[in-house]
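Worth knowing before you read on, the calculation uses all heavy atoms, side chains too, and leaves out hydrogens, waters and symmetry mates.
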Amino acid sequence: MLKIENLHAEIDGKPILKGLTLSVNAGEVHAIMGPNGAGKSTLGYVLGGRPGYEVTQGSISFDGENLLDMEPHERAAAGVFLGFQYPVEIPGVSNVQFLRESLNAQRATRGEAPLSGAEFLKVARAQADALGLDHDMLKRPVNVGFSGGEKKRNEMVQMGIIDPKFAILDETDSGLDIDALRIVGDGINRIMRQPTKAVLLITHYQRLLDYVRPDVVHVLADGRIVRTGGPELAHELEREGYGQVAA
């Protein structure tokens, strides 16, 4: 599904990714772990198409297409979803309005008919119920006044409504208490653990991986993948830290 070869990327002239190679197949969950400054979030931003991140070398293909040739909205329509470490607030725009417009824009790009207001509300309420998000929060401005846990659950509701093929989740466990972590983990499994989908989980810690068990764990250090293993690698990192593998 996703194939990255010898990826080099920089921001403001500073090299961040320095020859990263990675393949993710449909039906797989890959975890990216590593110390601060390793390039984990940069990888997510490059995949999502965030402005300011310049790819200077290498290639990224998604479902056989050149991802780097696509604008951010085209990547989203193709099935790429980027979950942020710190979801942004959008004052004056309700969740319902934002999500319906987003979904219907993607449907239009794919040549699908838009959902009516009633059809969309049925989908949105079902996803909110599954994530334990109060229906009233769908009417509120996007993430405005939400707690950290509510923002992350709201983001999972967004993911459930958009229903992407490939999700890049950047430190989704950040700011979550134990109950919220379980709810978000269950949401990721319910929405994305399917044979036709894949997930790239970016995280510092093992705790989310207790709920969303990865097929593959990679250690990213100084802009490169320096080690790859199974779920047991995350437990090793939790015990011993990154010093040994990132040296």
Side-chain angles (χ1 to χ4, degrees), residues 1-9 11 14-48 53 58 60 81-87 148-149 151-152 155-156 159 166-189 191-193 197-247:
M1 179 176 284
L2 180 76
K3 187 173 184 180
I4 305 172
E5 293 186 334
N6 193 32
L7 183 66
H8 292 248
I11 182 168
K14 180 182 178 181
I16 306 295
L17 300 181
K18 306 172 183 178
L20 187 147
T21 295
L22 174 68
S23 292
V24 181
N25 298 318
E28 293 181 344
V29 171
H30 287 231
I32 299 282
M33 304 182 73
N36 289 326
K40 301 184 301 297
S41 291
T42 294
L43 174 59
Y45 293 150
V46 168
L47 291 172
Y53 289 79
I60 308 174
F81 178 90
L82 176 60
F84 294 98
Q85 180 179 359
Y86 303 108
K151 287 181 179 180
K152 295 302 176 73
E155 194 166 56
M156 291 301 101
M159 187 169 74
F166 184 73
I168 307 137
L169 303 177
D170 187 6
E171 298 195 34
T172 296
D173 52 346
S174 176
L176 297 182
D177 63 24
I178 294 173
D179 291 331
L181 183 68
R182 175 184 54 78
I183 291 169
V184 167
D186 289 347
I188 295 169
N189 288 327
I191 297 164
M192 297 302 300
R193 264 297 193 184
K197 298 184 176 186
V199 179
L200 191 64
L201 278 178
I202 298 171
T203 183
H204 280 296
Y205 306 110
Q206 156 65 32
R207 61 180 197 156
L208 178 61
L209 306 185
D210 288 335
Y211 296 96
V212 185
R213 184 175 173 83
D215 299 288
V216 184
V217 175
H218 307 277
V219 181
L220 179 59
D222 194 28
R224 299 180 181 89
I225 301 290
V226 297
R227 189 171 172 188
T228 295
E232 69 282 352
L233 177 55
H235 291 280
E236 178 186 332
L237 295 169
E238 190 78 8
R239 290 193 310 269
E240 301 180 13
Y242 294 115
Q244 191 77 7
V245 294

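Between the side chain of Arg207 and the main chain of Leu181, no donor-acceptor pair closer than 3.5 Å is present. Side-chain atoms of Gln206 do not come within 3.5 Å of backbone N or O of Glu238 as any donor-acceptor pair. Side chain of Lys197 to backbone of Ile191: a donor-acceptor contact under 3.5 angstrom is found. Using a distance-only test at 3.5 Å, with no hydrogens or angles considered, a donor-acceptor pair links the side chain of Glu155 to the main chain of Phe84. A distance-only check finds a donor-acceptor pair linking the side chain of Lys40 to the backbone of Gly34 [under 3.5 Å]. Side chain of Arg224 to backbone of Lys18: a donor-acceptor contact under 3.5 angstrom is found.
With values rounded to the nearest 0.5 angstrom, Ser41 atom OG is found 11.5 Å from Ile32 atom CD1. Note: Leu20 CG to His8 NE2 = 9.5 Å, rounded to the nearest 0.5 Å. Interatomic distance, Asn189 CG to Tyr211 OH, rounded to the nearest 0.5 Å: 11.5 Å.
Under the 4.5 Å side-chain criterion, counting only non-hydrogen atoms from C-beta, Thr21 is not in contact with Ile225. When side chains are defined from C-beta on, Lys152 counts as touching Pro87, because their heavy atoms get closer than 4.5 Å. No side-chain heavy atom of Met192 sits under 4.5 Å from any side-chain heavy atom of Val212. In this structure, Ile188 and Met156 have side chains that are in contact, with non-hydrogen atoms separated by less than 4.5 Å. Counting heavy atoms from C-beta on, the side chains of Tyr53 and Ile11 come closer than 4.5 Å. Between Leu201 and Val29, some side-chain heavy-atom pair lies under the 4.5 Å cut-off. A 4.5 Å side-chain heavy-atom check between Leu22 and Thr228 finds every atom pair outside the cut-off. The closest side-chain heavy-atom distance from Ile4 to Leu43 is below 4.5 Å.
Of all the heavy atoms in Ala9 and Val46, the pair that sits closest is CB-CG2, 4.0 Å. The two atoms that bring Val217 and Pro214 nearest to each other are CG2-CG, 3.7 Å, heavy atoms only. Nearest heavy atoms, His218 versus His30: NE2-ND1, 2.8 Å. When all heavy atoms of Val199 and Leu169 are compared, the pair lying nearest together is CG1-CD1, 4.2 Å. Closest approach of Ala198 to Asn25, counting heavy atoms only: CB-O, 3.6 Å. Thr42 and Leu17 make their closest contact through CG2-CG, 3.9 Å (heavy atoms, listed as atom of the first residue, atom of the second, distance).
Annotation: Lys3, atom NZ; neighbour count of heavy atoms from other residues, nucleotides and ligands within 6.0 Å does not exceed 12.
Each of Thr172, Asp170, Asp173 was evaluated against Thr203; a single residue qualifies, Asp173, per the side-chain hydrogen bond (donor to acceptor under 3.5 Å, both in side chains) test.
The residues Arg193 and Asp215 are annotated as salt-bridged, a charged nitrogen and a carboxylate oxygen being separated by less than 4.0 angstrom.
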